[in-house]
Amino acid sequence: MTQDAATQRSFEKLIEAEPVIGRVDRLAALLPDADGSTLFHAGPPFASFETVPPPVKNAAAAAAMHEGLAETREDALAAIASGSIRLAPAQDAGLVTPLAFVVGPSLFCLEVVDGNRPEHRRLAPLNDGPLPDALRFGTGRRQGLALLERLGATVAPDLARHMPTGTAMLPLLAKGLAGGDDLHGHVASAQGAFLDVFGDEISSDARSYMSEANQFVLNVIMATAAVMLGAGAGVADSNMVVAAGGNGVDFGYKVAGAPDTWITLPATRPQGPKFPGKEDAVALPA
């Protein structure tokens with residue numbers, strides 16, 4: 001098979017995928033073979049602890065503290081530097097995570113599966129809440145840890161009980177696009193469609209949380225996209241991209257013909273307007 005034909009076959013497998021909502025559970029239950037001292041980050045692997053950018057260090061330290069792997073930020077960073085707490089690329093474990101958010105074993109994640117191949121799935125952590133405290137922005141704010149506690153104590157268990165398992169994601173994304181979403185920076189219509197599938201089943205606290213975290217559906221969209229891309233993997237010689245992401249230093253991607261190998265290059269800094277008061281801030285390479 002030529003490379004063009006192989007890549008076309010990967011694309012055909014992508015559009016054959018039927019992503020549907022699976023279950024919600026803690027990462028340790030969804031990935032029972034994962035090491036309890038491993039934390040998962042976005043993008044390709046880091047060359048060394050010294051190359052990890054400050055936002056990811058902040059998020060990793062917060063994750064380690066949330067998991068009870070360290071009592072203080074300093075203890076957490078020392079453990080990561082020594083290797084007793086390991087950082088690993090999330091996508092190597094079938095997990096997608098946004099921005100600087102680092103996922104530990106106790107975090108609740110949502111599963112999206114391919115309805116045509118139920119063994120093919122991707123996971124994403126539940127959205128960790130609204131600005132300014134959300135840990136996915138790499139601030140490491142203690143209030144962000146409080147958001148995770150609330151998520152794990154009340155919101156996520158309620159969502160796990162009432163998540164509409166089997167709901168097809170593509171119609172929800174179509175509603176988002178029809179409503180003007182780009183399904184990344186703007187997800188308001190998809191968010192509304194996602195909330196609608198719960199009806200009156202979920203608690204007022206869970207509904208309030210998802211409304212406050214007004215990009216709650218984004219993580220679900222990420223897992224959906226990952227299921228579709230990943231469906232095309234494993235076709236020899238195919239050059240279709242099946243995974244991609246940045247870690248704040250490098251951008252990495254994988255192709256269908258070699259789905260276990262990261263291809264990396266230095267990331268460039270995004271250009272654009274900055275928040276008031278942050279005009280002089282240097283953007284992280286993305």
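In this chain, residues are counted from 1 in sequence order.
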What distance do [X] atom [atom1] and [Y] atom [atom2] have between them, rounded to the nearest 0.5 Å?
{"X": "F108", "Y": "L123", "atom1": "CZ", "atom2": "CG", "value": "13.5 Å"}
{"X": "L69", "Y": "I85", "atom1": "CG", "atom2": "CD1", "value": "4.5 Å"}
{"X": "F46", "Y": "I80", "atom1": "CZ", "atom2": "CD1", "value": "10.5 Å"}
{"X": "M228", "Y": "L14", "atom1": "CE", "atom2": "CG", "value": "5.0 Å"}
{"X": "L135", "Y": "T139", "atom1": "CG", "atom2": "OG1", "value": "6.0 Å"}
{"X": "L126", "Y": "L27", "atom1": "CG", "atom2": "CG", "value": "11.0 Å"}

Closest approach of [X] to [Y] (non-hydrogen atoms, all atoms of both residues):
{"X": "L95", "Y": "P125", "result": "CD1-CD, 4.1 Å"}
{"X": "D237", "Y": "T7", "result": "O-OG1, 4.5 Å"}
{"X": "M222", "Y": "P98", "result": "CE-N, 3.8 Å"}
{"X": "A61", "Y": "R73", "result": "CB-CG, 3.8 Å"}
{"X": "A59", "Y": "A100", "result": "CB-O, 3.0 Å"}
{"X": "A134", "Y": "D128", "result": "C-OD2, 3.3 Å"}

(message) Under a plain distance cut-off of 3.5 Å, with no hydrogens placed, do S37 and D35 share a side-chain donor-acceptor pair?
(response) yes
With distance as the sole test, does [X] use its side chain to make a donor-acceptor pair with the main-chain N or O of [Y] at under 3.5 Å?
{"X": "N219", "Y": "T97", "result": "no"}
{"X": "Q91", "Y": "A244", "result": "yes"}
{"X": "D250", "Y": "A267", "result": "no"}
{"X": "H66", "Y": "L148", "result": "no"}
{"X": "K274", "Y": "A281", "result": "yes"}
{"X": "S84", "Y": "A79", "result": "yes"}
{"X": "N127", "Y": "A213", "result": "no"}
{"X": "E279", "Y": "G277", "result": "yes"}
{"X": "D181", "Y": "A190", "result": "yes"}

Do [X] and [Y] come within less than 4.5 Å of each other through their side chains, counting heavy atoms only?
{"X": "V227", "Y": "V113", "value": "no"}
{"X": "K254", "Y": "I263", "value": "no"}
{"X": "L147", "Y": "P130", "value": "yes"}
{"X": "L110", "Y": "M163", "value": "yes"}
{"X": "T167", "Y": "V20", "value": "no"}
{"X": "V56", "Y": "V102", "value": "yes"}
{"X": "C109", "Y": "V103", "value": "yes"}
{"X": "L177", "Y": "D182", "value": "no"}

(request) Give me the one residue out of H186, Q191, H184 that meets side chain to side chain contact (heavy atoms under 4.5 Å, CB included) with L218. (result) H184
Is it true that atom [atom1] of [X] has more than 12 heavy atoms of other residues, nucleotides or ligands lying nearer than 6.0 Å?
{"X": "R117", "atom1": "CZ", "result": "yes"}
{"X": "F198", "atom1": "CZ", "result": "yes"}
{"X": "D200", "atom1": "CG", "result": "no"}

Salt bridge check, [Y] against [X]: does any charged N sit closer than 4.0 Å to a carboxylate O?
{"X": "R9", "Y": "E12", "result": "yes"}
{"X": "R150", "Y": "E212", "result": "yes"}
{"X": "E67", "Y": "R26", "result": "no"}
{"X": "D114", "Y": "K13", "result": "no"}

State yes or no: do [X] and [Y] share one hydrophobic cluster built from I, L, V, M, F, W and Y residues joined by side-chain heavy-atom distances below 4.5 Å, directly or via other members?
{"X": "V155", "Y": "L131", "value": "no"}
{"X": "V241", "Y": "F251", "value": "yes"}
{"X": "V96", "Y": "Y253", "value": "no"}
{"X": "M240", "Y": "M1", "value": "no"}
{"X": "M65", "Y": "L107", "value": "yes"}

(message) Looking at F49, I'd like to know if the NZ or CZ of K57 sits under 6.0 Å from its six-membered ring centre while staying within 45 degrees of the ring's axis.
(response) yes
(request) Report the C-alpha distance between R121 and E111 in whole Å, list the side-chain angles of each, state the deciding distance to 0.1 Å, and finish with yes or no for salt bridge (charged side-chain N to carboxylate O under 4.0 Å, His left out). (result) CA-CA 7 Å; R121 63 173 189 163; E111 174 189 62; 2.9 Å; yes
(request) Check step by step if side chain to side chain contact (heavy atoms under 4.5 Å, CB included) holds for L159 and M210. (result) CA-CA 10 Å; L159 292 179; M210 288 195 291; 3.8 Å; yes
(request) List the steps and the verdict of side chain to side chain contact (heavy atoms under 4.5 Å, CB included) for V242 and V255. (result) CA-CA 5 Å; V242 294; V255 297; 5.8 Å; no
(message) Just checking H41 against F101, ring centres under 6.0 Å apart?
(response) no
